[in-house]
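Notes for the one structure printed next.
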Amino acid sequence: MAGMKGGRMRGRTIQKGAIKKGTFSRLIKYVFKYYKPHLLLVALCLIVSAGGGLISSLFMQKNIDDIMNPGILGGYESVAGKLRTFIIVMGTCYLLALLASYIYNRVMAVVTQGTLYHVRKDMFEKMETLPIKYFDTHAHGEIMSTYTNDTDALRQLVGQSLPTLVSSMLTLVVAVCLMLWYSLLMTAVFVLCSALMFVVVKKVGGASSKYMVAQQRSLAAEEGFVEEMIKGQKVVKVFTHEERAKSDFDKYNETLYRDATSAHVYGNVLGPILGNIGNFTYVFLAICGGLLFASGVKNIGFSSLKTGIVPITFGYIIPFLGMARRSTQAVNEMSQQVSMIAMGLAGASRVFAMMDEEPEKDEGYVTLVNAKRGEHGELTETKERTELWAWKHFHKADGTVTYTELKGDIVLDHVDFGYVPEKQVLTDVSLYAKPGQKIAFVGATGAGKTTITNLINRFYDIADGKIRYDGININKIKKDDLRRSLGIVLQDTNLFTGSVMDNIRYGRPDATDEECIAAAQLANADDFIRRLPQGYNTTLTGNGANLSQGQRQLISIARAAVADTPVMILDEATSSIDTRTEALVQDGMDKLMKGRTVFVIAHRLSTVRNADAIMVLDHGRIIERGTHEQLIAQKGVYYQLYTGAFELE
């Protein structure tokens with residue numbers, strides 16, 4: 001579901017069906033990066049497992065020709081020694097295959113879960129480096145799908161599909177080599193029959209793969225829709241939108257149903273078809289072998305290099321049929337993994353696509369440091385927290401370092417900006433805010449109020465003009481240090497799972513309990529917090545669902561207060577608070593704003609009467625500016641809004 005705010009467009013832009021070229025090789029390199037010794041051990045175990053189960057077939061011919069036939073004619077006492085040797089060799093082969101299979105499964109569990117651990121870790125670390133623009137242009141439900149559905153498809157690929165594919169391929173290769181050892185003629189017959197199996201795999205397996213990938217795409221879209229509906233349930237119920245929501249969900253569900261049904265229909269019929277082709281191949285080879293035996297045709301195989309060309313016997317036919325059966329089973333096993341491999345590679349492609357996203361660029365070199373004044377009033381850097389901050393400016397031209405006191409002097413000079421090049425949101429915006437001043441923005445939705453605060457935070461970079469902070473171009477300031485100097489209270493409150501104290505301390509991780517309590521008192525939140533079941537230790541979950549909207553906002557304001565920054569941005573901070581709570585908040589905000597530069601996005605015009613300057617925006621331009629009294633006297637747009645008792649949204 002798309003949404004727009006301040007010119008930003010959010011849509012489902014993740015391509016859920018594409019498999020980027022080179023994904024497989026990159027995945028293998030990624031797994032090898034962390035688990036090279038483990039994979040080498042797995043490869044060895046797969047070879048032993050595949051070989052151990054088939055090499056015993058080499059002894060089947062010896063068993064028939066050297067033990068069973070002589071035993072029938074001359075008594076088993078004459079071949080007892082050979083029989084014991086045969087049993088020991090066969091038992092050893094199967095035991096080695098069993099041991100190798102056990103080790104391989106244990107090691108693959110470590111490799112699979114370890115790979116997912118590193119994938120999730122790398123994805124989250126990368127996500128934390130991405131710019132706000134990424135989250136404004138990607139549906140949150142589909143981002144979550146990358147963490148869940150795509151990583152699960154990756155688990156299936158690494159933990160089951162690829163090992164099964166490799167094991168089956170090794171089995172097939174070893175089996176074909178052994179068949180060539182026994183009979184070139186019968187191997188040629190087997191290859192002709194197997195060609196039909198590969199044609200079926202290409203046709204049916206290809207269709208299954210296509211629909212498996214489509215199923216992932218549909219599942220992600222449905223999850224994104226469900227997430228939006230869960231978050232918006234109150235809105236759905238208030239506007240009695242249930243039937244429309246169910247209708248929209250049915251569309252997503254119908255698409256998922258069709259894709260999933262097609263995927264599993266093709267996937268389910270592939271096994272039986274190949275199984276029957278395998279049975280047909282087995283019967284056909286048995287008939288061919290019987291005819292060759294009956295006609296006394298000389299057998300030609302690589303074994304002939306050792307024994308010479310001899311007539312074909314049951315000692316050749318029976319093990320050959322066993323290996324042919326195992327070969328067709330291997331082809332069937334590989335075919336069953338085709339669609340899962342395609343789905344896993346599609347998931348891996350999307351995971352790597354997220355990892356490859358451009359991180360937020362930061363070319364700033366001016367940093368924020370603790371400072372103290374010397375005997376002559378000069379600023380010097382110190383490691384101790386002094387409550388005096390300064391911008392440390394390294395001048396590349398002459399290698400000198402200067403320190404500028406952090407005061408909160410902000411100037412926007414002829415700023416132009418657009419979220420996308422073809423649509424300009426701000427045009428020639430100029431304003432200044434001296435330390436301690438309160439600047440209010442008034443205007444309709446989409447006028448550019450929030451956009452200005454986004455630019456001050458450098459969530460986005462301007463297209464033209466300059467923004468200066470204490471006389472320094474903010475492009476020169478490191479983003480982390482810039483944002484550390486800015487406190488912000490958003491209209492949409494975000495509280496995290498944890499105690500009330502933890503949520504307040506989020507504003508400054510090194511804040512003491514006493515400082516957090518003082519911030520809550522400043523925001524007039526202390527009273528209701530102490531009345532909670534465990535006071536400041538009360539655990540909040542679900543974005544503070546057990547609190548009222550006003551209480552959540554008060555905690556958010558306390559969080560900004562404990563940060564103790566010289567600049568404060570209030571993005572419609574009182575828009576969702578009742579009148580009584582607003583009075584408490586306003587009192588706390590007045591205390592908080594003392595001595596600070598404050599930008600207020602006004603929801604209620606009554607809250608900005610005491611602003612030092614009010615900026616009235618319309619379509620990205622400042623059309624009026626001045627104090628409340630000055631704007632009322634002008635009898636312009638602000639006057640009409642104020643006297644008309646019109647509440648801006």
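Basis for what follows: all heavy atoms, side chains included, without hydrogens, waters or symmetry-related copies. Since we're looking at a predicted model, the values are computed, not measured. Nothing fancy with the numbering, it's 1 onward along the sequence.
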Under 3.5 Å donor-acceptor, [X] side chain and [Y] backbone:
X	Y	result
Ser262	Asp259	no
Arg552	Leu547	yes
Asn457	Phe459	no
Thr112	Ala109	no
Thr151	Tyr147	yes
Thr261	Arg258	no
Lys449	Gly443	yes
Lys126	Met355	yes
Thr597	Gly408	yes
Asp413	Gly465	no

Any side-chain heavy-atom pair of [X] and [Y] under 4.5 Å:
X	Y	value
Met615	Val429	no
Ile474	Lys479	no
Arg505	Val562	no
Gln160	Met340	no
Val31	Leu39	yes
Leu154	Leu27	yes
Val226	Met229	no
Met343	Leu157	no

TODO: Would you check, one step at a time, whether the test salt bridge (Lys or Arg N to Asp or Glu O under 4.0 Å) holds for Asp461 with Arg458?
DONE: CA-CA 6 Å; Asp461 286 326; Arg458 281 198 72 192; 2.9 Å; yes
Got more than 12 heavy atoms from elsewhere within 6.0 Å of [atom1], [X]?
X	atom1	result
Tyr117	OH	no
Phe528	CZ	yes
Glu363	CD	no
Met169	CE	no
Asp428	CG	yes

Enter the distance from [X]:[atom1] to [Y]:[atom2] here, rounded to the nearest 0.5 Å.
X	Y	atom1	atom2	value
Tyr365	Lys478	OH	NZ	12.0 Å
Gln337	Leu165	CD	CG	7.5 Å
Leu486	Thr565	CG	OG1	6.5 Å

TODO: Start with the C-alpha gap between Tyr30 and Asp122, add the side-chain angles, then the distance that decides, and say whether side chain to side chain donor-acceptor pair (under 3.5 Å) holds.
DONE: CA-CA 11 Å; Tyr30 188 90; Asp122 291 347; 2.6 Å; yes
Task: side chain to side chain contact (heavy atoms under 4.5 Å, CB included) evaluation trace for Ile504 with Tyr536 - done: CA-CA 9 Å; Ile504 296 175; Tyr536 282 87; 4.0 Å; yes
Does a salt bridge link [X] with [Y], judged by any charged N lying under 4.0 Å from a carboxylate O?
X	Y	result
Lys133	Asp136	no
Arg596	Asp564	yes
Arg244	Asp248	yes

Open item on the list: Could you walk me through whether Leu455 and Leu426 satisfy the side chain to side chain contact (heavy atoms under 4.5 Å, CB included) test, starting with their C-alpha distance in whole Å, then the side-chain angles of each, then the deciding distance to 0.1 Å, before giving a yes or no?
Closed with: CA-CA 11 Å; Leu455 298 180; Leu426 296 180; 3.5 Å; yes
Looking at every heavy atom in both [X] and [Y], which two are closest together, and how far apart are they?
X	Y	value
Ser485	Leu368	CB-CD2, 4.2 Å
Leu570	Met568	CD2-CG, 3.7 Å
Gly114	Tyr35	CA-OH, 2.9 Å
Ala523	Ala558	CB-N, 3.8 Å

- [ ] Could you walk me through whether Tyr419 and Thr137 pass the side chain to side chain donor-acceptor pair (under 3.5 Å) test, one step at a time?
- [x] CA-CA 10 Å; Tyr419 289 101; Thr137 56; over 6 Å; no
Task: Aromatic ring proximity Tyr34/Phe32, centre distance under 6.0 Å - done: no
Task: Stepwise side chain to side chain contact (heavy atoms under 4.5 Å, CB included) check, Ile452 with Ile601 - done: CA-CA 10 Å; Ile452 292 176; Ile601 296 176; over 6 Å; no
How are the rings of [X] and [Y] set relative to one another: parallel (under 30°), tilted (30 to 60°) or perpendicular (over 60°)?
X	Y	result
Tyr134	His138	parallel
Trp391	Tyr469	perpendicular
Phe441	Phe599	parallel

- [ ] Show your working on side chain to side chain contact (heavy atoms under 4.5 Å, CB included) between Leu532 and Gln534 and close with a plain yes or no.
- [x] CA-CA 6 Å; Leu532 294 175; Gln534 284 82 41; over 6 Å; no
TODO: List the steps and the verdict of salt bridge (Lys or Arg N to Asp or Glu O under 4.0 Å) for Lys246 and Glu243.
DONE: CA-CA 5 Å; Lys246 286 190 284 186; Glu243 294 303 319; 2.9 Å; yes
